[in-house]
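Below is one structure, written out as structure tokens; the observations come after it.
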Amino acid sequence: MKTVLITGASSGLGLALAKRFAAEQWQVFGTYRTAFDSKGLEKVTWFYLDLEQQDSPRNLFSDISSKISRLDALINNAGIATDHLVAGLPVDEWDRTMTVNLKGAYLCAQAALPLFSNGGHILNIGSYAGFQGPAGQSSYAASKAALHGLTLSLASELAGRNIRVNTLCPGFLLTKMTASLSDAQRTRLIQMNLLGRSNSLEEVARFGAFLATTENISGQLFSLDSRVLP
């Protein structure tokens, strides 16, 4: 049975990914930071992870390595977004966004490497914001742009170990992260799509599970809605 670890798996896209991988008979390890209802998720083994704490990823993988000898896929999904124009952006919020979205992915990838004994796949969840750079999202956009840079370097460094590394930009999704958007903001984001609609959690999860089974794809960015990358 193949094994996958999904960070931030207790809600939104992470939860959809956990359900999809479990349905496809993977052994799924998911992380959470705040309490949640795990009813119906008995096929997922849960671990606490706080990416604001530097030792947390190392402790996580130490716990996981006591249960399995090999990891086949790591999905760096955990992330945060806070909206501020640069003029009013607190330094601590900038640092927190970079720590969770970028440093967290680096620390998890680094800690996971000993478990990739037979190749595997690292999938970083990016964002269209990392290429468009919307006003009011400088810290989030910068973290996601840098995350793709990390993907490219890791893909080069780990190719000799048959570890494939890619970025997946899921597109506009109706999740907790986008719940605070106004109706006008949602409409504008949907209108940016050539097909005039948002993406779905299920479609992104299906693609992520497929990508994790591929053997010859690395160093790529996959944009999963119909917005044209700038």
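Positions are given from 1 along the sequence.
- Ring planes of Phe47 and Phe29: tilted class, angle from 30 to 60°.
- Using a cut-off of 4.0 Å between Lys/Arg side-chain N and Asp/Glu carboxylate O, Arg20 and Glu24 are scored as salt-bridged.
- Between Asp37 and Lys39 there is no salt bridge, since none of the side-chain N atoms of the basic residue sits less than 4.0 Å from a carboxylate O of the acidic one.
- Within a 6.0 Å radius of CG in Leu194, other residues, nucleotides and ligands contribute more than 12 heavy atoms.
- Closest heavy-atom contact between Met1 and Gln25: CG-O, 3.3 Å.
- The closest side-chain heavy-atom distance from Leu158 to Phe116 is not below 4.5 Å.
- Counting heavy atoms of neighbouring residues, nucleotides and ligands inside a 6.0 Å radius, atom CD of Glu52 exceeds 12 of them.
- In summary, Lys19 and Glu202 do not engage in a salt bridge, as defined by a charged side-chain N under 4.0 Å from a carboxylate O.
- For Arg197, the CZ atom sits in a loose shell: 12 or fewer heavy atoms of surrounding residues, nucleotides or ligands are nearer than 6.0 Å.
- Put simply, Ile75 and Leu150 are part of two different groups of oily side chains (I, L, V, M, F, W, Y) that touch within less than 4.5 Å, one to the next.
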>> Between Leu74 and Phe61, is the side chain to side chain contact (heavy atoms under 4.5 Å, CB included) condition met? List the steps.
In response: CA-CA 11 Å; Leu74 165 66; Phe61 283 94; 4.2 Å; yes
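- Nearest heavy-atom pair across Cys108 and Leu49 is SG-CD2, 4.2 Å.
- The residue from Thr167, Thr151, Asn124 that alone fulfils the side chain to side chain donor-acceptor pair (under 3.5 Å) condition with Asn76 is Asn124.
- What you find for Leu195 and Ser226 is that their closest heavy atoms are N-OG, 3.0 Å.
- Counting heavy atoms from C-beta on, the side chains of Leu51 and Thr31 never come closer than 4.5 Å.
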